[in-house]
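Let me begin by presenting the structure, written as structure tokens, before commenting on it.
When a ligand or atom number is given, it counts from 1 through the structure's own listing order.
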Amino acid sequence: MNNEILLKHLRNVPDFPIPGIQFKDVSTLYKNSKCLRIMVNELYDLYKDKGITKVVGIESRGFVVGAALAYKLGAGFVMARKPGKLPAETRKESYMKEYGKDTIEIHTDAIEEKDVVLLHDDLLATGGSMLAAYNLVKQFNPKQTYINFIIELTIEGLNGRAVFPHDVDITTLIKI
Ligand code: AMP
């Protein structure tokens, strides 16, 4: 039922940012008070017993629900950002995208070995960007690492889950 509400409010933008891409625009879920509450509450129910101490949001759509969830879980929030945005010392992880290389960064002092980390982003497509974030978080050697997306794209033969190690706990709220 809740998933139907989210699906109903999610906007699809054809041919953005390039022809052929069906862009799932989560801004229509973020701006809707009921949808925002559903997402945060559902994620809270999924993770409230996991002992999460840090939620890591992926720039930038992963910041919105990630930060709200961190607050509700009583955890801290960490930004995983594009290169050159974080001001202090960082750890980095590079990964290949369709056209060239990209890098993601986290402050060196943002995660400790005693942390239980939940990585969060809006959408799973190929999984490439989250895999880089996952590998980056693993550099910090936290006690446990979980992964969540609001949306999982399974259309057009996409199977983003397949890029992650089999023992990683991945949840998604809606599959399309
Ligand atoms: P990927 O690394 O291929 O899993 O891509 C995931 C990232 O790209 C997420 O941060 C999404 O916000 C964005 N993204 C990729 N494909 C789409 C899509 N069809 N609609 C909306 N966002 C997308």
Side-chain angles (χ1 to χ4, degrees), residues 3-32 35-36 38-40 42-43 46-47 54-70 77-86 90-107 110 117-139 145-176:
N3 291 357
E4 279 166 31
I5 295 170
L6 296 181
L7 275 171
K8 187 175 138 225
H9 285 89
L10 179 65
R11 175 160 57 199
N12 185 73
V13 184
D15 300 321
F16 182 88
I18 53 168
I21 301 288
Q22 299 291 326
F23 194 84
K24 307 300 171 204
D25 177 15
V26 285
S27 76
T28 53
L29 303 184
Y30 293 164
K31 75 168 182 182
N32 181 294
C35 290
L36 187 59
I38 288 171
M39 293 185 288
V40 175
E42 287 206 350
L43 288 178
L46 280 172
Y47 291 101
K54 296 272 169 63
V55 177
V56 175
I58 314 295
E59 183 172 358
S60 61
R61 287 180 289 269
F63 291 174
V64 180
V65 165
L69 177 63
F77 181 74
V78 172
M79 295 182 282
R81 298 209 66 181
K82 290 167 184 150
K85 302 278 190 186
L86 291 170
T90 62
R91 284 179 187 258
K92 306 178 207 308
E93 184 79 22
S94 293
Y95 60 106
M96 290 310 290
K97 293 196 37 162
E98 203 176 342
Y99 305 106
K101 207 171 87 167
D102 213 341
T103 301
I104 191 161
E105 296 187 23
I106 290 177
H107 273 144
V117 175
L118 170 61
L119 275 153
H120 167 81
D121 202 1
D122 66 327
L123 183 138
L124 170 63
T126 66
S129 49
M130 182 58 92
L131 180 63
Y134 175 79
N135 288 334
L136 178 54
V137 164
K138 294 298 268 185
Q139 289 185 30
T145 307
Y146 298 91
I147 296 178
N148 164 264
F149 302 88
I150 297 167
I151 302 158
E152 178 172 0
L153 283 189
T154 56
I155 44 169
E156 292 156 21
L158 275 174
N159 184 12
R161 279 177 185 260
V163 302
F164 297 93
H166 292 305
D167 58 345
V168 187
D169 184 317
I170 303 173
T171 64
T172 57
L173 295 185
I174 31 181
K175 289 188 174 56
I176 299 174

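- To the nearest 0.5 Å, the span separating NE2 on H9 from CD1 on I38 amounts to 8.5 Å.
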Need the list: ligand 1 N/O atoms against protein N/O atoms, distance under 3.5 Å, rounded to one decimal.
from	atom 1	to	atom 2	distance (Å)
ligand 1	2 (O)	G128	N	3.4
ligand 1	2 (O)	S129	N	2.9
ligand 1	2 (O)	S129	OG	2.7
ligand 1	3 (O)	T126	N	2.9
ligand 1	3 (O)	T126	OG1	2.5
ligand 1	4 (O)	A125	N	2.9
ligand 1	4 (O)	T126	N	3.1
ligand 1	4 (O)	G127	N	2.7
ligand 1	10 (O)	D121	OD2	2.9
ligand 1	12 (O)	R61	NE	3.2
ligand 1	12 (O)	R61	NH2	2.7
ligand 1	12 (O)	D122	OD1	2.8
ligand 1	12 (O)	D122	OD2	3.2
ligand 1	19 (N)	Q22	O	3.0
ligand 1	20 (N)	K24	N	2.9

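- Counting non-hydrogen atoms of neighbouring residues, nucleotides and ligands closer than 6.0 angstrom, the NZ atom of K97 reaches no more than 12 such neighbours.
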Review point. Run the side chain to side chain contact (heavy atoms under 4.5 Å, CB included) check on Y95 and L131 step by step: do they pass?
Key: CA-CA 9 Å; Y95 60 106; L131 180 63; over 6 Å; no

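- For the side-chain hydrogen bond (donor to acceptor under 3.5 Å, both in side chains) condition, the pairs that include at least one residue of residues 54-70, sequence neighbours left out, are K54-D115, E59-R81, R61-D122.
- Using a 4.5 Å heavy-atom cutoff, the side chains of F149 and L123 are not in contact.
- The side chain to side chain contact (heavy atoms under 4.5 Å, CB included) test with T126 singles out one residue from L158, V163, N159, and that residue is L158.
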